[in-house]
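Here is the structure we will look at, set down as structure tokens.
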Amino acid sequence: MRIIETIAEMQQAADNWRAHGERIGFVPTMGFLHKGHLDLMRTARRLSSQVVISIFVNPTQFAPHEDFDSYPRDMQRDLDFAREVGVDAVFTPNLHEMYPEGFQTYVTVTEVSKNLCGRSRPVFFRGVATVVSKLFHAVKPHLSVFGEKDFQQLVTIRRMVRDMNMDVEIIGHPIVREEDGLAMSSRNAYLRPEERPVALRLGRALALAQDLVSSGERQVDAILGKVSEFIAGDGAAKIDYAQICDPNTLEDIAHIGGPALLALAVWVGKTRLIDNRILQPSG
Ligand code: AMP
């Protein structure tokens with residue numbers, strides 16, 4: 001497995017693979033890998049002949065008060081995981097390589113990034129679109145796999161790729177969960193043992209909402225009222241947002257008439273967790 005630290009070397013490797021007819025699959029990550037990341041890599045492995053992952057904690061998607069400095073990092077463990085899955089190259093640029101002095105070009109996807117996480121994290125999607133765009137120019141992938149756990153991120157990247165004519169196929173991967181139903185996340189490492197039962201409420205609230213829809217409830221306010229009460233009624237968690245949206249535009253809806261995205265962001269202690277599910281009126 002190659003470890004590549006510069007953009008020039010990454011581009012050279014990509015050009016070389018492309019010249020030999022190889023198909024490059026790419027999984028961008030911020031490291032501290034878990035089974036969810038590994039499943040994305042296995043999907044890339046199945047669909048391509050050369051698999052590249054990136055490990056880069058991207059400063060431009062963190063606001064100054066957020067957890068950039070304390071974001072969990074463990075490069076040795078990540079490299080061992082990547083080797084196990086059969087990754088061909090790990091791209092690990094440093095901060096200066098990605099954002100040299102004088103950097104001033106950003107990618108903004110204006111509409112789908114407004115709602116949900118865009119409200120509570122105003123610089124987040126600009127940072128994500130910018131870094132993914134830069135990573136695509138470095139890795140030159142044919143396809144790239146993104147998790148549905150970050151549903152709005154996936155929609156934003158799909159939109160960016162379409163709008164900017166990027167020649168990359170975007171593959172969405174279903175949410176990977178722990179046995180107890182908690183969506184896997186590098187940030188789960190922040191949870192204290194006594195917070196874990198509270199964290200499980202997100203997944204359960206998604207199931208509760210689907211039950212309500214399956215038994216005929218169509219009013220978004222009614223569903224969100226019950227979801228919020230279930231998660232935070234006793235004050236053990238604090239809801240950042242609980243919203244039901246059109247899964248394509250990510251705009252809020254008032255009434256469920258087809259598949260609808262229920263998206264949650266919840267503070268459990270000092271940890272902000274997100275989760276989501278497509279609610280299906282048909283069952
Ligand atoms: P991150 O390292 O958190 O930026 O995530 C890198 C990629 O892994 C993104 O495409 C995420 O959506 C995806 N991912 C993270 N956690 C999960 C999960 N539990 N299930 C599916 N995909 C995930």
Side-chain angles (χ1 to χ4, degrees), residues 25-47 51-62 66-68 70-75 77-79 81-82 85 87 90-93 98 112-113 116-117 121 123-136 139 141 143-161 168-191 196 199-200 202-203 206 250 261 263-266 271-278:
F26 177 44
V27 182
T29 83
M30 296 208 300
F32 211 67
L33 302 179
H34 52 66
K35 196 176 154 296
H37 294 117
L38 302 194
D39 280 4
L40 268 62
M41 294 179 202
R42 286 193 191 99
T43 296
R45 181 71 286 167
R46 258 201 324 276
L47 299 174
V51 176
V52 180
I53 70 163
S54 60
I55 297 176
F56 180 67
V57 184
N58 174 39
T60 61
Q61 69 192 65
F62 289 79
E66 291 180 347
D67 56 344
F68 174 74
S70 59
Y71 195 84
R73 291 160 169 92
D74 190 339
M75 187 58 81
R77 182 170 153 273
D78 288 350
L79 295 178
F81 275 141
V85 178
V87 165
V90 178
F91 180 47
T92 61
M98 288 296 272
V112 292
S113 66
L116 305 174
C117 286
R121 305 185 71 190
V123 299
F124 180 68
F125 289 110
R126 184 181 86 144
V128 167
T130 301
V131 79
V132 170
S133 168
K134 285 173 64 67
L135 290 168
F136 281 179
V139 176
L143 64 93
S144 187
V145 189
F146 289 83
E148 289 172 359
K149 175 175 169 269
D150 301 273
F151 196 92
Q152 189 175 17
Q153 170 170 282
L154 174 59
V155 172
T156 301
I157 297 300
R158 282 194 201 283
R159 189 74 251 171
M160 173 184 83
V161 162
V168 183
E169 184 186 352
I170 303 300
I171 315 258
H173 188 290
I175 300 176
V176 181
R177 296 179 180 280
E178 304 277 2
E179 259 176 40
D180 60 11
L182 182 65
M184 291 192 180
S185 165
S186 307
R187 288 191 171 97
N188 290 350
Y190 299 151
L191 287 170
R196 183 121 184 156
L200 296 185
L202 277 79
L206 297 173
L250 304 187
L261 174 74
L264 303 173
V266 176
T271 311
R272 183 176 177 277
L273 301 173
I274 59 171
D275 205 343
N276 70 80
R277 170 175 182 151
I278 301 287

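Both counts, for ligands and for their atoms, begin at 1 and track the order of listing.
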Check this for me - ligand 1, Val176, N or O atoms closer than 3.5 angstrom, yes or no? yes

Among non-hydrogen protein atoms, atom 22 (N) of ligand 1 lies closest to Gly147 CA, 3.4 Å

Does the N or O separation between Thr29 and ligand 1 drop below 3.5 Å for any pair? no

At less than 4.0 angstrom from any non-hydrogen atom of Ile175, what atoms of ligand 1 do you find? 20 (N), 21 (C)

The protein heavy atom nearest to atom 12 (O) of ligand 1 is Asp150 OD2, 2.6 Å

If we number the atoms of ligand 1 from 1 as shown, the ones under 4.0 Å from a heavy atom of Met184 are 16 (N), 17 (C), 18 (C), 19 (N)

Candidate with minimal heavy-atom separation from atom 17 (C) of ligand 1, of His34, Glu178, His37: His34

Is it true that Asp78 and Arg73 make a salt bridge, defined as a side-chain N closer than 4.0 Å to a carboxylate O? no

Give the atoms of ligand 1, by number and element, whose distance to some non-hydrogen atom of Phe146 is under 4.0 Å. 10 (O)

Is it the side chain (CB and beyond), the backbone, both or neither of Met30 that lies under 4.0 Å from ligand 1, heavy atoms counted? both

Nearest neighbour in protein (non-hydrogen) for atom 9 (C) of ligand 1: Gln153 NE2, 3.8 Å

What is the distance from atom CZ of Arg126 to atom OG1 of Thr60, rounded to the nearest 0.5 Å? 7.5 Å

Can you check whether Pro28 has an N/O within less than 3.5 Å of an N/O in ligand 1? no

Tell me, please, whether Tyr71 has Arg187 positioned over its six-membered ring: NZ or CZ under 6.0 Å from the ring centre and within 45 degrees of its axis? no

State, with a plain yes or no, whether a side-chain heavy atom of Val132 is found less than 4.5 Å away from one of Phe146. yes

Nitrogen or oxygen of Leu40 less than 3.5 angstrom from that of ligand 1: no

Roughly how far apart are Asn58 CG and Lys134 NZ, rounded to 0.5 Å? 9.5 Å

Just do the salt bridge (charged side-chain N to carboxylate O under 4.0 Å, His left out) check on Arg272 and Asp67 with the steps written out, would you? CA-CA 10 Å; Arg272 183 176 177 277; Asp67 56 344; over 6 Å; no

Mind checking salt bridge (Lys or Arg N to Asp or Glu O under 4.0 Å) for Arg177 and listing every partner two or more places apart, or none if nothing turns up? Asp275

Check each heavy atom of Ser185 against ligand 1 and say whether those closer than 4.0 Å belong to the side chain, the backbone, both or neither. neither

Residues Lys35, Glu178: salt bridge by 4.0 Å N-O rule: no

Measure the spacing between CD1 of Ile171 and OG of Ser144 and express it to the nearest 0.5 Å. 9.0 Å

